[in-house]
Amino acid sequence: MSCSITEVLVHEGKLLVHISENGHSFELDCNENSPVEAVMRFIESAAGINFNDQLVLCLDMKLEPQKLLSAYRLPSDDKEVFIFNKLRLQSNSPPPSPEQVDVLEVADPPPPALSQDPHPLDDAPDPALKALPSYERQFRYHYHRGHAIYIRTQAKIEMCERLLREQKVQERAVEVGRGNLEQYYRVINQNYNDFMKRYSQQQRVHSDLLANFGRDIEKLRSVKLHPSLQTATCKCLLDFVKEEHLRKSAETCSSSHRQFENKVSQFKQIFDDVKRRVEELLNTRASLPIKNLEMMIKEHQRFINEQKSIMQSLSKDVSTVKKLVDDCLSCQLSSSLRPHDAVSALGPMYDVHDKSHLPRMQACDRSISKLLDFCQDKKNEMNVFVHNYMQKITYVSYVIKDAKLQFPVFREAMVRQDDIFADLKLVRGIGPAYRACLAEVVRRKASMKLYMGMAGQLAERLATKREVEVRRREEFLKANSVYIPRDILGSMGLYDTPNQCDVNIAPSDTNLLDIDISDLEVYAPEYLAGLRKGEKPVNVRDGSHSVEAEEIALDALDREDPEELHEGCELVEIAGTSKMEVENAKLKAELASAIALICSLCPEMEYESLDDSKLDGVLKNAAEKTAEALHLKDEYGKHIQAMLKAKQMQCVSYEKRIQELEQRLSDQYLMKQKHSNGKDVSDFALLVEKADDCKPESSGGGETHMPCISTSEPMDEVSCVSNSFDAKLALLNRQPSKGREGVDENMLDSSGMLNPPLDSSMMEPHREELPINEKDGKYKMPGQLGMSMTNSSTAESMPEPHNILPCDATADSGLDPKVSSELVLKLQSALADKSDQLSETQTKLKAVMEEVVMLGRELEMRQKLLDESQVKEVSLHCWSSLLILRECSQNL
C-alpha cells in the first residue's frame, strides 16, 4: 500500500483518503477485499493519528474497522474517505498549531570575477575586444540570477495551489460532517414531531375529558333506562358506575395531567434550543469562500508568465553576446561590424537587464510571496474554523443524543397517562355503548323479519321447482306409457314424485326489547354518541373525540356492503308483507347497524390514528360523496318528474281518444237509426267510400283491393270505420306540410316517450290479410295491425308498408291458409337469400376499399421514391459537371 500527498484523479483500484483537520490527502492502492482496518493502520503510520482515535466517514456512512471496503462499495471513482481525529473533536482539545510552509530556497549566484573565469580576449590589445568577455560574464550572471528568482517564485505558487487544494479538502470534510449531523437531526426531529403530534392529540382528548367530566356525569344521570331494564338500584346510566370513585379519579387525572404538561413543556424548550443550535451550525460557512482564493491564484499566474518572458529575453541576450565573442575569436567578424560597434550595442542591453528585467522579476516574486502569506493565513483560518466547527458538531450531536434518550421515557409516561384516564374514558363510553345496544336490538328484530321472509321465499321457490318437476314427470310418463307397460315403469321407479319441502325456523331472539327505530331517540338520544341535539360539533382541532369516531365510522361504512347484510333479500311480497314493508325492514336493519357501528367505535377511538391530514382527506371524500349523492338524487327526481309528465300527457291523449270514439259510436248509432230501411245498402256505400279514402298507393300497377266487410253486427262496422280513419291519419302524416294540420296534437304528444305496457282493455286486435296477384308476381304479407289507443301516438314514427290494406278484412275466399304459410316461407327464404347476397356484396366492397387504400399508399411511396431518384440524378449530373470543369481548369 503506497501513498502520495497529491491531488490526483482516483483511478480504478485507488482509494483517496483525506485528513479533515489539515486537508492532507493520501492515495492508496487497494481493492474491494481490503479491510477498513488496513486503511486505518496506514493512516496511523503516515499521519500520526492513533487507530482508536480515527473516525472514518464516506458520504453519510461510517466505516467500521472489521468490515471490508466492498461493504461500502469502495474503492470507487466518485467516493472519498475522510478521517476525523476524535481527540480534536473534544471541547477541551487545543487549537491547531499555525501552518508551517516549507518553500524551496534557491540562493542567488555570486557576482562574476575575472580570476574565476578567465577568457582569451582578456589580454587583447584592443579595449573593445577586452570588454566583450566581461559583457558575456555579466549576461550569464543576469540569466542565472533571474532563473533563481523564477525557481523560488514557481515553488511559492505551487505552495499556494497546495494550500488551496487542502482548503478544498477541508471544505468537503466540513460538508460531510454537516451532512451526517443533518441526517442525524432529521431522524430525531421526525421522532420529536411524531411524539408531539401524539402528545397534542392525547392532551386534547384528556383536556376534553376533564373539561366535560361534569357534563358527562349529568348526561348519564339524565338518561333513564328502559322500563323493563330498571331495577331498584339501577334507574339511569350513571348507576352503572360509582360516582364518588369517579370524582376522585378525576382529581387524580387533573393533577397528573398538569404535571405531565409541565414536563413536556420543559422538554420542548430543550429541543427548541437544540433546533436553534443545529440551524445556526448548518448555516455557518467559512469567512473566505474558496472560489475567491482560487480566483486570486489564477490572477497571479500572470506574474509567472511575465517571468517566463523575461527569462526568454535573458537567454536570447546571452546567446547573442556569446556569438559575438566566438566570432571575434575565430576572426569571422564582417567588415561592416567592428568590435567597437558590438560593444556599443551591448551597453543598452546591459542597462535593460540591470534596470528593468531583474527588478521586474523581483517585483513578481514579492507579489507571489504576498499571495503565499495570504494563502497561509487563510489556511490557518480554515484549520481553526474546521477545528471549532467539528467541535460544535460533536457537542450538538451529544445534545441530540441526550434528547433522543428521553423519548422512551415520555412514551412510557404517555401510556401511564392513558391508564390514569381509563375511568374517565369509561364514563365517556357508557352512553355510546347503551345507544349501540338498543340499535342492535332494533337491527336484530328487523333482520329476523327479513330472515323469516327469505325462508318463505325459499319455500315458495322450492315449491315452484317441485311443481315444474312433477309436470315434467307426468308428461314423460304420458309420452312413454304408450310403449312401456306400467309395471315395468313402476319397477324402474319412474312413478315416484318429489316430496314436499318444509322450511321451519326455530324461535330465536324472543327476549329482545320491544322497541323500534323511533324509540332510540326516546331511550338513547343522539347526544349520547358525542353530540347534543342542536349542539354544534366541536372542532377537530379543539379536542372533540367524536371526530375520530366519525372517521372510523366512515371508513367502516365504506368497507361494509349493505347487500351483504341481507344477501338474497329481494323486495317482493312475502308471508303477508308488502314490498314497502320489506324495504322498510331492510332500511331499518341497515340504519340500526350503522348507528350501532358508530356508537361502538366512539369509546374505542385511539389518538394514534387521529392524523389531521388523513382526517382532512376523509372529510373531503365524505363531502364529495355527499355532493355526488345529492346530485344523483336531484337527477333521479327530475327523471321521475319527466316520467310523471309523460304519463299525464298519455292519459290526456287516451281520454281525448276515448271521447272521439264515443262520439263516433254515437254518430254511427244515429245514422243506423235514420236509415233503418236501407241499412245494408247505405252501410255498404259508406264503407266503400271509406275504403277508397284509405287505399294504399301502388308503386307499379295501381291495383286496388275491395275490403271485405261483415255486417252481421253493428260493432264490426264501427271498428271498420275507426280503422279506416286511422289509416287516413297515417296517410296524412306522410304528406309534407299537411300531416300536422289534419291531426289532433293530443294524438301525437307521446310518440317519443316511454311506452309502458297497455291494459288489454285498451286494445282492439284486427287481422287483415293481403290477396295474391299471380299475374304480377306480387305477394302481399298478412299482418295484424291491432288498432289500439296507441296507434295515434306511434303514427309518426312507424313506417307504413305500401301494399297493406288499412281496413278490417277477412281472409280471401281464394287464398288457402296452407298456401299462405307456404308463401310466407318462400318470402322468408327469398329475404334470407337477399340478405346473404347483401352481406357478400358488403364484404367484397370492404375488400375493394381496403385494396384501394393500399394502392393509394403504394402510389404515394412510389411517388416519393421517384422524387428522391430525380433529386439524386440531378445531384449526380451537377457533380459530374463540376468534375469535368475541374479537369478542364487543371489542363489549362
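The figures that follow rest on heavy atoms only: side chains count, while hydrogens, waters and symmetry mates do not. Counting from 1, the numbers follow the sequence of the chain as shown.
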Test of understanding: with side chain to side chain contact (heavy atoms under 4.5 Å, CB included), list the residues that count as partners of [X], not counting sequence neighbours.
{"X": "N85", "value": "E21, I49, D53, L87, R88"}
{"X": "K404", "value": "Y184, I188"}
{"X": "C236", "value": "K224, L238, D239"}
{"X": "E64", "value": "K62, Q66, K67, Y72"}

Is [X] atom [atom1] crowded by more than 12 heavy atoms from other residues, nucleotides or ligands, each under 6.0 Å away?
{"X": "E624", "atom1": "CD", "value": "yes"}
{"X": "Y398", "atom1": "OH", "value": "no"}
{"X": "K235", "atom1": "NZ", "value": "yes"}
{"X": "R221", "atom1": "CZ", "value": "yes"}
{"X": "D514", "atom1": "CG", "value": "no"}
{"X": "N92", "atom1": "CG", "value": "yes"}
{"X": "F195", "atom1": "CZ", "value": "yes"}

Could you check whether [X] pairs with [Y] (Lys NZ or Arg NE/NH1/NH2 to Asp/Glu carboxylate O, under 4.0 Å)?
{"X": "E175", "Y": "R178", "answer": "yes"}
{"X": "R247", "Y": "E243", "answer": "yes"}
{"X": "E440", "Y": "R444", "answer": "yes"}
{"X": "D273", "Y": "R276", "answer": "yes"}

List the steps and the verdict of salt bridge (Lys or Arg N to Asp or Glu O under 4.0 Å) for K392 and E280.
CA-CA 10 Å; K392 293 178 180 178; E280 290 178 356; over 6 Å; no
Under 3.5 Å, is there a donor-acceptor pair linking the side chains of Q266 and N262?
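No - no donor-acceptor pair under 3.5 Å links their side chains.
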Donor + acceptor pair across side chains of N212, D208 (<3.5 Å)
yes
Would you mind reporting whether [Y] and [X] have side-chain heavy atoms less than 4.5 Å apart?
{"X": "K242", "Y": "L246", "result": "no"}
{"X": "D418", "Y": "H206", "result": "yes"}
{"X": "Q641", "Y": "K645", "result": "no"}
{"X": "R277", "Y": "Y395", "result": "yes"}
{"X": "E628", "Y": "H631", "result": "no"}
{"X": "L587", "Y": "L591", "result": "no"}

Rounded to the nearest 0.5 Å, how far apart are [atom1] of [X] and [atom2] of [Y]?
{"X": "R258", "Y": "C253", "atom1": "CZ", "atom2": "SG", "value": "11.0 Å"}
{"X": "R443", "Y": "I517", "atom1": "CZ", "atom2": "CD1", "value": "11.5 Å"}
{"X": "S222", "Y": "E218", "atom1": "OG", "atom2": "CD", "value": "7.5 Å"}
{"X": "L59", "Y": "N180", "atom1": "CG", "atom2": "CG", "value": "9.0 Å"}
{"X": "Q203", "Y": "Q417", "atom1": "CD", "atom2": "CD", "value": "10.5 Å"}
{"X": "Y434", "Y": "L520", "atom1": "OH", "atom2": "CG", "value": "10.0 Å"}

Worked verdict on V442 versus I515 for side-chain contact (heavy atoms from CB on, under 4.5 Å)
CA-CA 7 Å; V442 176; I515 59 174; 4.1 Å; yes
Derivation of the side-chain contact (heavy atoms from CB on, under 4.5 Å) call for L210 and F421
CA-CA 9 Å; L210 291 173; F421 277 81; 3.8 Å; yes
Closest heavy-atom contact between [X] and [Y]?
{"X": "S20", "Y": "F84", "value": "OG-CD2, 3.1 Å"}
{"X": "C58", "Y": "L63", "value": "CB-CD1, 3.6 Å"}
{"X": "A455", "Y": "I505", "value": "CB-CD1, 3.3 Å"}
{"X": "L225", "Y": "L229", "value": "CD1-O, 4.1 Å"}
{"X": "F260", "Y": "A413", "value": "CE1-CB, 3.3 Å"}
{"X": "L281", "Y": "Y389", "value": "O-OH, 2.7 Å"}

Verdict with reasoning, H387 to Q391, per side chain to side chain donor-acceptor pair (under 3.5 Å):
CA-CA 6 Å; H387 176 75; Q391 282 185 347; 2.9 Å; yes
May I ask you to decide if [Y]'s main-chain N or O and [X]'s side chain share a donor-acceptor pair within less than 3.5 Å?
{"X": "S254", "Y": "A250", "answer": "no"}
{"X": "E526", "Y": "E521", "answer": "no"}
{"X": "S93", "Y": "Q90", "answer": "yes"}
{"X": "S255", "Y": "E251", "answer": "no"}
{"X": "D519", "Y": "D516", "answer": "yes"}
{"X": "S397", "Y": "I393", "answer": "yes"}
{"X": "S653", "Y": "M649", "answer": "no"}
{"X": "S200", "Y": "M196", "answer": "yes"}
{"X": "T394", "Y": "M390", "answer": "yes"}
{"X": "E182", "Y": "L282", "answer": "no"}

Verify side-chain contact (heavy atoms from CB on, under 4.5 Å) between L462 and R466, making sure each step is shown before the conclusion.
CA-CA 6 Å; L462 292 177; R466 179 184 178 279; over 6 Å; no
Please test F267 against Y199 for ring pair (Phe, Tyr, Trp, His ring centres under 6.0 Å), starting from the C-alpha separation and ending with a verdict.
CA-CA 12 Å; F267 176 68; Y199 166 73; over 10 Å; no
Looking at the rings of Y192 and F410, which for Trp means the six-membered one, are their centres under 6.0 Å apart?
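Y192 vs F410: aromatic centres not under 6.0 Å.
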If the condition is salt bridge (Lys or Arg N to Asp or Glu O under 4.0 Å), which residues does R411 pass it with, not counting sequence neighbours?
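With sequence neighbours excluded, R411 shows a salt bridge (Lys or Arg N to Asp or Glu O under 4.0 Å) to no residue whatsoever.
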Which ring pair (Phe, Tyr, Trp, His ring centres under 6.0 Å) pairs, counting each pair once, include a residue from residues 208-229, with sequence neighbours left out?
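Non-adjacent pairs meeting ring pair (Phe, Tyr, Trp, His ring centres under 6.0 Å): H226-Y523.
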Take F240 and L220 through the side-chain contact (heavy atoms from CB on, under 4.5 Å) test and state the conclusion after the steps.
CA-CA 9 Å; F240 291 172; L220 297 181; over 6 Å; no
